[in-house]
S.K.: 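My questions will all concern the structure given below.
All values below were derived from every heavy atom in this structure, side-chain atoms included, with hydrogens, water molecules and symmetry-related copies excluded. In the text below, chain A, chain B and the rest are named by the order of the sequence lines, each starting its count at 1.
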2 protein chains.
Amino acid sequence: MPLILQNITKHITLTPEEEQLFLSKIETHHFKAKSLLLNSGQVCKHSYFVNSGILRSFNINDNIVEHVLNFACEGWWIGDMYSLISQKPGNLFIEVLEDAEVAMLSKENQEQLYIEIPKLERFFRILTENSLVAYQERLMDNLSLSAEERFEKFCKKYPSLIQKVSQKQIASYIGVTPEFLSKMKSRLLRK
Amino acid sequence: MPLILQNITKHITLTPEEEQLFLSKIETHHFKAKSLLLNSGQVCKHSYFVNSGILRSFNINDNIVEHVLNFACEGWWIGDMYSLISQKPGNLFIEVLEDAEVAMLSKENQEQLYIEIPKLERFFRILTENSLVAYQERLMDNLSLSAEERFEKFCKKYPSLIQKVSQKQIASYIGVTPEFLSKMKSRLLRK
DNA sequence: TGATTTTCTTAATCTACATTAAGTGCCTTC
DNA sequence: GAAGGCACTTAATGTAGATTAAGAAAATCA
């Protein structure tokens with residue numbers, strides 16, 4: 001069973017016909033590392049589901065500093081929710097960090113599916129709820145934890161990403177400079 | 001028409017019968033300033049919709065420092081989404097800042113309504129999407145803006161709250177100490 | 001394969017914001 | 001209407017994390 005259907009059936013049950021209908025609305029593509037699936041200023045037309053590889057979303061502040069909003073690897077969804085909802089130009093980039101196979105669901109097909117398979121409203125509601133809770137926790141962590149605590153939490157939460165993603169990216173995700181993350185790491189090792 | 005129905009019909013259309021059904025699932029209560037609708041460690045059983053007055057949600061770090069997650073005034077929803085979804089004890093407090101009338105929708109009634117009025121899946125999906133986008137922006141702001149920029153943005157975004165909520169609360173929301181917010185304010189005034 | 005770019009490290013210096021402390025005015029509550 | 005408690009201000013001092021810089025290691029590329 002395709003990974004994306006496994007993902008959906010975690011929360012709702014589809015009939016074989018519905019599964020086929022869903023799959024027919026999905027386009028799957030391969031992307032090389034460093035390719036951009038979405039550029040800042042573009043309207044986001046798709047939700048992306050990662051079958052393999054790694055993506056990240058980030059923005060760029062004052063044309064200088066990058067800030068990573070999210071990583072997505074196998075089994076994760078990613079997109080620019082603001083732009084996707086409003087169909088206005090967003091300020092996020094979505095980039096491939098490691099060669100990836102990505103299932104793409106267009107906004108139109110998604111809306112169409114809501115009509116043809118109303119249960120999917122429930123699925124995407126639950127997906128969004130879970131995502132919201134994660135952002136909420138991350139926000140509170142940024143308000144209340146030190147950089148070191150945030151780093152330790154990241155390591156526990158995403159042990160596989162630590163192996164795969166450069167320190168620079170992780171620094172950006174937890175909200176410190178790469179220099180400071182490097183310093184923290186050696187401090188933690190010395191313990 | 002009750003405020004809560006106005007809120008819902010911004011995104012979906014209900015028949016008069018559905019409106020009545022919805023209202024029958026809602027309990028409305030008055031709360032005095034300083035009362036707690038939810039305590040840390042409790043399971044959150046309701047979504048709260050504010051008809052009048054002001055609420056806030058916050059957590060307490062290491063039994064010392066409060067961090068405001070959200071304010072809610074007239075026409076806003078508030079709750080502990082983590083606890084509400086998982087029905088596990090959360091770490092948020094929900095407190096009344098200004099005497100309030102609150103419409104309460106219990107988790108069970110909400111689930112029941114999803115069955116009886118499937119359109120409500122759509123409504124709460126949209127509500128959750130919008131809330132997610134707001135958290136996402138706030139997170140990025142915390143990663144990339146200075147305290148002063150965050151304060152200015154807050155003033156523009158919630159001009160009415162500036163009047164009604166103490167500086168201490170606003171400082172906590174934007175992630176600085178009350179002393180530093182006070183200093184920033186006088187700095188901005190001098191300009 | 002070597003050349004070039006990018007990442008990572010270390011260290012010195014700097015700064016935005018926290019902490020501590022003390023004083024003022026206002027709001028609550030008896 | 002006194003008294004105690006909060007919210008707010010101001011200022012001195014402290015510090016987590018940024019910035020700058022420069023070299024080493026690793027990855028990319030021709």
S.K.: Does A:Q167 put a side-chain nitrogen or oxygen below 4.0 Å from OP1 or OP2 of C:dT9?
M.R.: yes

S.K.: Under 3.5 Å, which donor-acceptor pairs do the side chains of residues 123-133 of chain A form with other protein atoms, sequence neighbours left out?
M.R.:
| unit_1 | atom_1 | unit_2 | atom_2 | d |
| --- | --- | --- | --- | --- |
| A:R125 | NE | B:E121 | OE1 | 2.6 |
| A:R125 | NH1 | A:E129 | OE1 | 3.4 |
| A:R125 | NH1 | A:E129 | OE2 | 2.8 |
| A:R125 | NH2 | B:E121 | OE1 | 3.1 |
| A:T128 | OG1 | A:F124 | O | 2.6 |
| A:N130 | ND2 | A:I126 | O | 3.4 |

S.K.: CG of B:L143 versus C1' of D:dA18: gap in Å, rounded?
M.R.: 15 Å

S.K.: Any pair with a residue in residues 153-166 of chain B that passes side chain to side chain donor-acceptor pair (under 3.5 Å), sequence neighbours left out, goes on the list, sorted by first then second residue, please.
M.R.: B:E137-B:K153, B:D141-B:K153

S.K.: Figure out the CD1/P separation between A:I170 and C:dT7, and round it to whole Å.
M.R.: 13 Å

S.K.: Taking ILVMFWY side chains as joined if any heavy atoms are under 4.5 angstrom apart, and letting links pass through other members, which residues group with B:L84?
M.R.: none

S.K.: A:L188 CG to C:dT9 P: how many Å, rounded?
M.R.: 12 Å

S.K.: Got a donor-acceptor contact below 3.5 angstrom from the B:S83 side chain to the B:D80 backbone?
M.R.: no

S.K.: By the ring-ring contact (aromatic ring centres under 6.0 Å, His included) test, which pairs, at least two apart or in different chains, include something from residues 22-55 of chain A?
M.R.: A:F49-A:W77

S.K.: So, are B:E108 and B:K45 salt-bridged, with charged N and O less than 4.0 Å apart?
M.R.: no

S.K.: Which angle, to the nearest 10 degrees, lies between the helix axes at the two ends of the helix from C:dT1-D:dA30 to C:dC30-D:dG1, each defined by five pairs?
M.R.: 60°

S.K.: Write out all pairs satisfying salt bridge (Lys or Arg N to Asp or Glu O under 4.0 Å) with one or both partners inside residues 175-185 of chain A, taking only residues at least two apart or from two chains.
M.R.: none

S.K.: For nucleotides 17-19 of chain C, print each protein N/O atom paired with a nucleotide N/O atom at under 3.5 Å, atom names and distance only.
M.R.:
| unit_1 | atom_1 | unit_2 | atom_2 | d |
| --- | --- | --- | --- | --- |
| C:dC17 | OP1 | B:A147 | N | 3.1 |
| C:dA18 | OP2 | B:T177 | N | 3.3 |
| C:dA18 | OP2 | B:T177 | OG1 | 3.2 |

S.K.: Across the strands shown, which category fits A:S166 at heavy-atom distances under 4.0 angstrom: base, sugar-phosphate, nothing?
M.R.: sugar-phosphate

S.K.: Round to the nearest Å and state the distance from B:K185 atom NZ to D:dT10 atom P.
M.R.: 10 Å

S.K.: Applying the 4.5 Å side-chain criterion to the ILVMFWY set and letting contacts propagate, would A:I162 and A:I54 be lumped into a single cluster?
M.R.: yes

S.K.: How many Å lie between CG on A:L189 and C1' on C:dT10, as a whole number?
M.R.: 14 Å

S.K.: Taking only residues two or more places apart in sequence, or in another chain, which ones meet A:E19 in a side chain to side chain donor-acceptor pair (under 3.5 Å)?
M.R.: none

S.K.: Using a 4.0 Å cut-off on protein heavy atoms (strictly under), produce a 5'-to-3' string for nucleotides 24-30 of chain C with B for base contact, S for backbone-only sugar-phosphate contact, and - for none.
M.R.: -------

S.K.: Do A:Q169 and A:Y173 pair up side chain to side chain, a donor and an acceptor below 3.5 Å, judged on atom types alone?
M.R.: no

S.K.: Under 3.5 Å, sequence neighbours excluded: what are the donor-acceptor pairs made by side chains of residues 66-74 of chain A?
M.R.:
| unit_1 | atom_1 | unit_2 | atom_2 | d |
| --- | --- | --- | --- | --- |
| A:E66 | OE1 | A:R56 | NH1 | 2.9 |
| A:E66 | OE1 | A:R56 | NH2 | 3.1 |
| A:N70 | ND2 | A:Y135 | OH | 2.6 |

S.K.: Is there a donor-acceptor contact under 3.5 Å from the side chain of B:T9 to the main chain of B:I12?
M.R.: no

S.K.: B:K119 side chain to B:T13 main-chain N or O, any donor-acceptor pair under 3.5 Å?
M.R.: yes

S.K.: Enumerate the salt bridge (Lys or Arg N to Asp or Glu O under 4.0 Å) contacts for residues 20-31 of chain A, please, sequence neighbours excluded, ordered by first and then second residue.
M.R.: A:K25-A:E116

S.K.: Round to the nearest Å and state the distance from A:F151 atom CZ to D:dA16 atom P.
M.R.: 18 Å

S.K.: Rounded to the nearest angstrom, tell me the gap between atom NE2 in A:H67 and atom C1' in D:dA18.
M.R.: 12 Å

S.K.: Please state how far atom CD in B:Q169 lies from atom C1' in D:dA7, giving the value in whole angstrom units.
M.R.: 11 Å

S.K.: Under a 4.0 Å heavy-atom cut-off, which of residues 91-101 of chain B touch DNA chain D?
M.R.: none

